[in-house]
Protein chains: 2
Amino acid sequence: MPRAKCPKCQITERILKSGIIRDKQRFYCKDCNYHFTLLHDGKKQKNETKKNNRPTSLKDIAQAAGISISTVSRALNNHPDISLETRNNIKQLATSMDYHPNILAQSLVNRSTQSLGVIIPNLETTFFSSMLGGIQHIAAKSGYRVVICQSDENHMTEVANLQALMNNMIDGLLICHTLYTNTFDHVKMQMNKGIPIVQFYRVSEELKLPKIYSDDENGAFQITEHLINKGCKKIALLLGPKAISINNRLNGYLKALRMHGINKDENLIKHVDFSYNAVIAAVDEWLNLEPEIDAIFSISDKCAVQIIRHLKNKNIKIPGHISVCGFGNEYTGEIVEPQLTTFDVRTRLIGEAAAKLLLEQIIDKKTKNESIMIDGKIIIRESTRK
Amino acid sequence: MPRAKCPKCQITERILKSGIIRDKQRFYCKDCNYHFTLLHDGKKQKNETKKNNRPTSLKDIAQAAGISISTVSRALNNHPDISLETRNNIKQLATSMDYHPNILAQSLVNRSTQSLGVIIPNLETTFFSSMLGGIQHIAAKSGYRVVICQSDENHMTEVANLQALMNNMIDGLLICHTLYTNTFDHVKMQMNKGIPIVQFYRVSEELKLPKIYSDDENGAFQITEHLINKGCKKIALLLGPKAISINNRLNGYLKALRMHGINKDENLIKHVDFSYNAVIAAVDEWLNLEPEIDAIFSISDKCAVQIIRHLKNKNIKIPGHISVCGFGNEYTGEIVEPQLTTFDVRTRLIGEAAAKLLLEQIIDKKTKNESIMIDGKIIIRESTRK
DNA sequence: AATGTTTGCGCAAACGTTTGCGATAGATAT
DNA sequence: ATATCTATCGCAAACGTTTGCGCAAACATT
């Protein structure tokens, strides 16, 4: 190994090895009392190309104009301290140099990123993606970006997403919980950070946060009452997993039964995850009941459509024999035959309301505790007409 | 107005007004040659609460441990320069102080934000949202966040979104163009910034960028040939607006006709925007043709479903009288009666492939020019069975 | 001419990281 | 004991902004 040469005094004697530093051999020149390592020759080149590739900064403009960075900043931000003349000059120079502010740096100093975080169970069902559409729409109107994380109906993913988003990435959070989320410590831990949070659609009463409710109890009541008015007496109710506030749909169902003097029958109420097999199994059990059921109210349109197809395969007339109702008003309910009676929860409006409520908090800088219910509307179609 | 008091010498005489600065009256004390303004009394309080509200930083940990910031940083990043002992101590202290790195600051110095940008025409149709799901899935696996902008099929919005995203917010961009995007200067302007871009689904040959194609031409060919094999001879083709590469579906259609010796008939090819009225109008025109058409091939499943319902309203038998095909394999095609023959373009796979291709470029730090085609699959259902 | 006021700009700190290099106390080799 | 090496840490610059304050020159008022 050739002896190292000191970059200062250029001698090769009296050079000592001085440990390995950052994976590079280090030397020490006794003459000039100088530590050094052998530089990669690519370094200088790298430095040059780096400079050239960088987007123009305030500094570049300042240098080009021969003024200070602060003046450039103020000029571009229309600060009154800067004369009209220099302001115009600088603006012109900035556009000619294709300047665009570095949002990261701005966010760092302003402590605001102009973006909202969304945690949502799923992106691919229209039910959720239309909420997302509403959020996006409102956010964009106020100049906010949207960072989306999908929890995939997985609680641990929700926790991880929350963690990731809350580290200075976002000015506010919109969250719609997983079906299986029943502990909320991960949210509680974030509630003192000063970043407003709004729960939407699937909310938890355990958390003192503003919420956007869908009109579930009333909707379920209306659907059930509609079935009763159509003469149904044994109305089966298909619910999702036992979780969160969604199950106040059960309350609406029970309330309608009560008001019309129909006794609750535990056999007619089933909880399932939303898998196809579980849905079909539940329906088949009901079909074996005596006396026969005359209606199925599914908490989800998707399941309701599956049920309709299943019943048709079994040559069971809808609504002649059994009426079927869904919940949510997805597009498929309009396509299936017979068309599905359902309850429109106005998912897009929910998203919009959530985003609005969040933005209010961000802009006014105070945490509200207001909660909003989005009214829905029953949609009566063929699957319950007799 | 009471005279101002100099905060240094505490006198009230010899105080001069000295202009308005930052919207506050400014004073000058002749005695101590000192400029000052009347401070809002809330300032100190604000300063305190601010400090308390802030998340813990490296500085806080360093102060608590009595060491330097750099040591803390290196310890938490497992840098070998730090002894195991201090490293463990610092890590423990960090978790006990609930430290989480400020991603903005990291991004600023590392010049990387660990997030991908997506520009997509629409969030609310399953067709696009499932692509988005694929993107999200792959990005999350590599620890990347996703920032989503929806262009709403509006060219100007696409341009604005692009501008906003490319200012240091993202490490790479996935873009699916608007139906009406036919100039691409806004993209060209961003191509030299060193941020990799991948086009997906709706791509433009005008841009020298890696692309993810769907198997459109082949798909249209297969659908058309399938119709011909079923005995159809007058096959109407419903296309979207004249734009981008999507229209090589037209090529597939024409190729199939050619191969089977069927002459092209201009009357059978119509371009429409995807509005309901335009679709129905096109179909009605076709229905008046002589000799009668025996098939309709719609470029979009959504329109195909509308067409089926329209034909059924007119008591036209499907496929007995007219066969109907769609393109895309949306869920509604399975629900509608008769079930829709269509072509599965595997939207989710397209999203995944796009994200993978982008991530490769980001991680390898070199811009590729590879393009990928995602194979689709024809799905034959009732709407073409005779 | 003297004094008071305003305008227009620059300096430097701050935001929270990462990292090249300097520095020193102890370990090891001679 | 001395010369050499190593391990471990701190200093300070850098990333690109915003902003409180200082200050000189220009302007306005006596």
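In what follows, every chain begins at residue 1, and chains take the letters A, B, ... in the order their sequences are listed.
A donor-acceptor pair shorter than 3.5 Å cannot be found between the side chains of S151(A) and N161(A). Residues S83(B) and T86(B) have side chains that bring a donor and an acceptor to within less than 3.5 angstrom of each other. Looking at S68(B) and T71(B), their side chains do bring a donor and an acceptor atom within 3.5 Å of each other. For the residue pair D152(B)/T157(B), the side-chain donor-acceptor check at 3.5 Å is not satisfied.
Computed from coordinates, the Q63(B) CD to dT17(C) P distance equals 13 Å when rounded to whole Å. Rounded to whole Å, atom P of dG16(D) lies 12 Å from atom CD1 of I61(A). Distance CG (N78(A)) to C1' (dC9(C)): 17 Å, rounded to an integer number of Å. Atom CG of N102(B) is separated from atom C1' of dG16(C) by 5 Å (rounded to the nearest Å). Nucleotide dC23(D) holds its P atom 16 Å from the CG atom of D81(A), rounded to whole Å. One interatomic measurement links the two molecules: CD of E85(B) to P of dC9(D), which rounds to 8 Å at whole-angstrom precision. One atom, CG of N167(A), and another, C1' of dT17(C), lie 14 Å apart when rounded to the nearest Å. Taking atom NZ of K59(A) as the reference point, atom P of dA12(C) lies 14 Å away to the nearest angstrom.
For N110(B), counting side-chain heavy atoms from C-beta on, the closest listed nucleotide (dG16(D), dT18(C), dG10(D)) is dT18(C). Checked against dG8(C), dG16(D), dC9(D), the side chain of S83(B) finds its nearest nucleotide in dC9(D). In this structure, of dT17(D), dT18(C), dC9(D), it is dT18(C) that holds the atom nearest to the side chain of I69(B).
Considering only side-chain N and O atoms, R111(A) lies under 4.0 angstrom from the phosphate OP1 or OP2 of dG16(C). Note on R54(A): a side-chain N or O is less than 4.0 Å away from OP1 or OP2 of dC15(D). The phosphate of dC9(D) (OP1 or OP2) has a side-chain N or O of T86(B) nearer than 4.0 angstrom. Proximity of S73(B) to the phosphate of dT19(C): no side-chain N or O atom is located under 4.0 Å from OP1 or OP2. Listed pair S68(B) / dG10(D) meets the phosphate criterion, a side-chain N or O lying under 4.0 Å from OP1 or OP2. OP1 or OP2 of dT17(C) has not a single side-chain nitrogen or oxygen of S107(B) nearer than 4.0 Å. Remark: N77(B) is in phosphate contact with dT18(C), judged by side-chain N or O atoms under 4.0 Å from OP1 or OP2. An OP1 or OP2 oxygen of dT18(C) is reached within less than 4.0 angstrom by a side-chain nitrogen or oxygen of Q106(B).
Ranked by how close their nearest DNA chain D nucleotide is to the 5' end, L108(A) and T71(B) are led by T71(B).
Donor-acceptor pairing under 3.5 Å, judged by distance alone, is present between the side chain of S70(A) and the base of dC11(C). For R74(B) against dG10(D), a side-chain N or O and a base N or O form a donor-acceptor pair under 3.5 Å. Not a single donor-acceptor contact under 3.5 angstrom links the side-chain atoms of R87(A) to the base of dG8(C).
Q361(B) contributes no side-chain N or O that, together with a main-chain N or O of P196(B), makes up a donor-acceptor pair within less than 3.5 Å.
Between H186(B) and H155(B), the distance from one ring center to the other falls under 6.0 angstrom.
At the heavy-atom level, L104(B) lies nowhere under 4.0 Å from the strands shown.
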